[in-house]
Amino acid sequence: MDMRAPRGTYDAMPGQVERFQYIEEVFKSVAERFGYKEIRTPVFEHTELFERGVGDTTDIVQKEMYTFEDKGERNITLRPEGTSPVVRAFVEHKIYGQAAMPVKYYYKAIPIMRYERPQAGRLRQHHQFGIELFGTNDPRSDIEVIDLLNTFYEELGLKQIEVQINSVGCPKCRESHREALYDFLYDVKDELCSTCQDRLDKNPMRILDCKNPKDQELTKDAPIMIDYLCGDCSLHYQEVKKGLSLINIEYIENTRLVRGLDYYTNTAFEFCNKALSGPSNVIGGGGRYNGLIEEIGGPETPGIGFGSGLERIDLALEAEEIEVPIKDYCEVFVLIADDMAKEKALAILHNLRKSKIAADTEYTERSFRAQMKHADRLGAKYTVILGSIELEKGVVLVRNMKSGNQEEISIANIVKYFL
RNA sequence: GUGGGUGUAGCUCAGUCGGUAAGAGCGCUAGGUUGUGGCCCUAGAGGUCGUGGGUUCAAUUCCCAUCACUCACCCCA
């Protein structure tokens, strides 16, 4: 039996977890400041939700889902993506009928499972932050969503962020672009890479996003989406760009940006961290999905959101050498110098903790010196020393571990000393 | 799913062209200081050399498979 964590998964151990907690706290603070409320949905859903939501031509649905049949013969899939479950909850609870629009949700470090080939920044289970904003198509809501994500990274201290945006239009203008693109690509069909040849019929727009240099050269002059936007979509896109400039968010227009999920309409965006290398430098991305809520069975409702990966954010913090504040677990270490002090030390430890002071003690019969070393390793700011000498006098020695100064404090006043 | 690289102590890594080569540094434990951490010194503990098979008198070393990590694709966070 293999007792290791399965491929592409990992245990977050103390030392790592504190970094995650910090990132989560920053996200919660930013999201709630923007007026978003936390939502928690199941880690698994009916497979059909993702097939309809994410789109069955996507890689995610075609080859990356953890799908199984449960004992009740239900077809179940582990959440490969954050948006559709939130949309499902929104529809199921008929929030559209009872809440004033728009409705704003965030989710925090939720597990996402996809069957992929793992490498740096790519796992089979990773965790995402995200927000979803339902009920408005106002370009200012697009700006809010991008602003929120940008603020999140800014407050983490990330500097090397690049924002890319594009518009993928609505189904109407997308159809006319699709036709023009198909005609253009059909002529060079035989020269495209094999995966792009497959894409030609299914989803030709994805070909523009192909990283293959030869394909990029072939599609250099291909018709681009923004030239085919209808009046409404074009205006929407202009308004979004104008608003971003207004609040000083720098962005790069990437006319080839196409995201891997089918539900996007209009605004699409990605945030890269340039301190990270390779294609795994996308730490967050999202866009508008005006047809999705209807697709899941709700009324026609516009929506927009993003997802951002916890592990990649952490890699970015590391790459940019940003110090993460780490809390201290131990303020006071209670050192037992003689066995006869054990009982008194137990009471002191209890009282310190009851008074909300982080305290710890020694349970093995280690030497005085070893206990001091242990206190040092725990990062204790003070060590309370209790032995037969102190017991007789009714005091403890309080040692300041940084300065090395020690003073006698009566046992009765010890808690007060640290408050 | 495709193609490369790697896998030796808790960590970072040496090493064996098949035969007394199981090693270093850091960390850990104890002592030097019979009641004082961080520096220094000494000693000690700790390894199925990823796992399983094969070749051989002999495999950690060669071969095959497998697992994991890693890099490049694909795609994404």
Side-chain angles (χ1 to χ4, degrees), chain A residues 1-10 13 15 23 54 57-64 80-83 109-130 149 193-196 198-199 203 206 209-213 215 257-261 270-273 276-286 306-316 333 335-339 341 364-391 396-406:
Chain A
M1 184 174 177
D2 192 344
M3 297 306 285
R4 289 174 297 186
R7 185 166 166 76
T9 68
Y10 67 96
M13 304 297 282
I23 297 168
V54 180
T57 67
T58 59
D59 275 19
I60 290 179
V61 170
Q62 283 189 340
K63 56 181 202 188
E64 294 182 350
E81 182 269 335
T83 298
I110 59 166
I112 299 284
M113 282 68 69
R114 285 183 212 157
Y115 190 83
E116 303 203 61
R117 186 86 180 255
Q119 65 181 66
R122 209 177 64 194
L123 299 157
R124 287 190 173 168
Q125 176 180 317
H126 74 280
H127 300 80
Q128 283 188 17
F129 301 96
L149 187 54
C193 73
S194 57
T195 49
C196 281
D198 286 345
R199 285 168 174 157
N203 197 346
R206 313 278 323 268
D209 200 36
C210 184
K211 306 292 188 296
N212 185 314
D215 288 19
L257 177 64
V258 179
R259 301 198 30 86
L261 299 93
E270 280 185 357
F271 282 63
C272 304
N273 184 279
L276 294 174
S277 60
S280 297
N281 69 351
V282 177
I283 59 173
F306 68 69
S308 180
L310 170 67
E311 289 82 357
R312 285 193 186 172
I313 292 170
D314 189 54
L315 289 174
F333 184 81
L335 186 151
I336 299 156
D338 294 292
D339 270 5
T364 59
E365 312 266 323
R366 281 199 284 199
S367 68
F368 197 107
R369 185 155 92 128
Q371 289 189 54
M372 281 299 288
K373 209 169 177 179
H374 189 204
D376 192 44
R377 251 185 293 116
L378 289 175
K381 293 191 177 58
Y382 298 93
T383 298
V384 163
I385 298 164
L386 187 60
S388 54
I389 303 164
E390 291 75 24
L391 265 185
V396 295
L397 277 180
V398 176
R399 179 181 179 86
N400 181 319
M401 294 299 277
K402 198 173 175 187
S403 67
N405 295 332
Q406 293 186 177

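Note that the structure is a prediction, hence the values are computed from the model and not measured. Proteins come first, then strands; the chains are lettered A, B, ... in the order of their sequence lines, and each starts at number 1.
Between the side chain of A:Gln125 and the backbone N or O of A:Gly8 there is no donor-acceptor pair closer than 3.5 Å. A donor-acceptor contact shorter than 3.5 Å is absent between the side chain of A:Arg399 and the backbone of A:Thr383. Proximity of a side-chain donor or acceptor of A:Gln371 to a complementary backbone N or O of A:Phe368 within less than 3.5 Å is not detected. Proximity of a side-chain donor or acceptor of A:Arg124 to a complementary backbone N or O of A:Pro118 within less than 3.5 Å is not detected. Not a single donor-acceptor pair under 3.5 Å links the side chain of A:Asn273 to the backbone N or O of A:Ala316.
Taking atom CG of residue A:Asp376 and atom P of nucleotide B:G27, one finds them 13 Å apart after rounding to whole Å. One interatomic measurement links the two molecules: CD of A:Glu116 to C1' of B:A72, which rounds to 15 Å at whole-angstrom precision. Summarising the geometry, the separation between NZ on A:Lys373 and P on B:G35 is reported as 17 Å, rounded to the nearest angstrom. Rounded to whole angstrom, the span from the CG atom of A:Asp338 across to the P atom of B:U34 amounts to 14 Å. Between the CE atom of A:Met401 and the C1' atom of B:G37 there is a distance of 5 Å, rounded to whole Å. As a whole-Å value, the separation of A:His374 NE2 from B:G27 P is 16 Å. One interatomic measurement links the two molecules: CZ of A:Arg124 to C1' of B:A68, which rounds to 11 Å at whole-angstrom precision. Put simply, NZ on A:Lys63 is 11 Å from P on B:U2, counting in whole angstrom units.
For B:G31, the base has a donor-acceptor partner in the side chain of A:Arg369 [N/O atoms by modelled type, under 3.5 angstrom]. In the interface, the side chain of A:Gln371 is not paired with the base of B:U36 through any donor and acceptor atom under 3.5 Å apart. Under 3.5 Å, the side chain of A:Arg117 and the base of B:G3 form at least one donor-acceptor pair of N or O atoms. At a cut-off of 3.5 angstrom, counting only N and O atoms as typed in the model, there is a donor on one side and an acceptor on the other between the side-chain of A:Glu390 and the base of B:G35. No hydrogens or angles were tested; on distance alone, nothing pairs the side chain of A:Arg366 with the base of B:U29 as donor and acceptor under 3.5 Å. Taking 3.5 Å as the limit, the base of B:C74 and the side chain of A:Arg122 contain a donor-acceptor pair of atoms between them. For A:Arg399 against B:G35, no side-chain N or O and base N or O form a donor-acceptor pair under 3.5 Å.
Among the atoms of the strands shown, base atoms are found under 4.0 Å from some heavy atom of A:Ile389. Using a 4.0 Å heavy-atom distance criterion, A:Ile385 is classed as a base contact. At the heavy-atom level, A:Leu397 lies under 4.0 Å from base atoms of the strands shown. Contacts of A:Gly82 with the nucleic acid, taken as non-hydrogen atoms under 4.0 Å apart, are absent. Among the atoms of the strands shown, none is found under 4.0 Å from any heavy atom of A:Leu335.
Using N1 to N3 plus N6-O4 or O6-N4 for Watson-Crick, or N1-O2 and O6-N3 for G-U wobble, each under 3.5 Å, B:A65 pairs with B:U51. Across the strands present, B:U42 finds its partner in B:A30; the criterion is a Watson-Crick or G-U wobble pair with both atom distances under 3.5 angstrom. Across all strands shown, B:G23 forms a Watson-Crick or G-U wobble pair, both distances under 3.5 Å, with B:C13. Under the Watson-Crick and G-U wobble criteria, each requiring two contacts below 3.5 Å, nucleotide B:U60 is left unpaired. Under the Watson-Crick or G-U wobble criterion, with both distances below 3.5 Å, B:U2 is paired with B:A72.
When distances run from any side-chain atom of A:Leu123 to the nucleotides B:U36, B:C74, B:A77, the shortest one goes to B:A77. If you check B:A77, B:C74, B:G1 against the side chain of A:Tyr115, the one that comes closest is B:G1.
With the nearest nucleotide of RNA chain B identified for both A:Ser367 and A:Asn281, A:Ser367 has the one nearer the 5' end. Between A:Asn400 and A:Ala370, the one whose closest nucleotide on RNA chain B sits nearer the 5' end is A:Ala370.
Rounded to whole Å, the separation between the C1' atoms of B:U60 and B:G3 comes to 28 Å. Separating the C1' atom of B:C40 from that of B:C13 is a span of 26 Å, rounded to the nearest Å. Nucleotides B:G23 and B:C28 are separated by 23 Å at their P atoms, to the nearest Å. One C1' atom belongs to B:G19, the other to B:U33, and the distance between them is 49 Å to the nearest Å. Look at the C1' atom in both B:U29 and B:U70: the space between them is 35 Å, to the nearest Å. Distance check on atom C1': B:G15 versus B:A59 gives 15 Å, rounded to whole Å. As rounded to the nearest Å, B:G1 and B:A24 have C1' atoms that lie 42 Å from one another. Remark: the separation of the P atoms in B:C67 and B:C26 is 38 Å, to the nearest Å.
Taking OH from A:Tyr382 and CG from A:Asn405, the interatomic distance works out to 10.0 Å, rounded to the nearest 0.5 Å. Here the straight-line distance linking atom CE of A:Met401 with atom CZ of A:Phe333 works out to 9.0 Å at 0.5 Å rounding.
Note on A:Arg7: a side-chain N or O is less than 4.0 Å away from OP1 or OP2 of B:C69.
In this structure, the side chains of A:Arg122 and A:Arg312 come closer than 4.5 Å at one or more pairs of heavy atoms.
B:A77 has its base stacked against the ring of A:His126, the centroids being under 5.5 angstrom apart at an interplanar angle below 30°.
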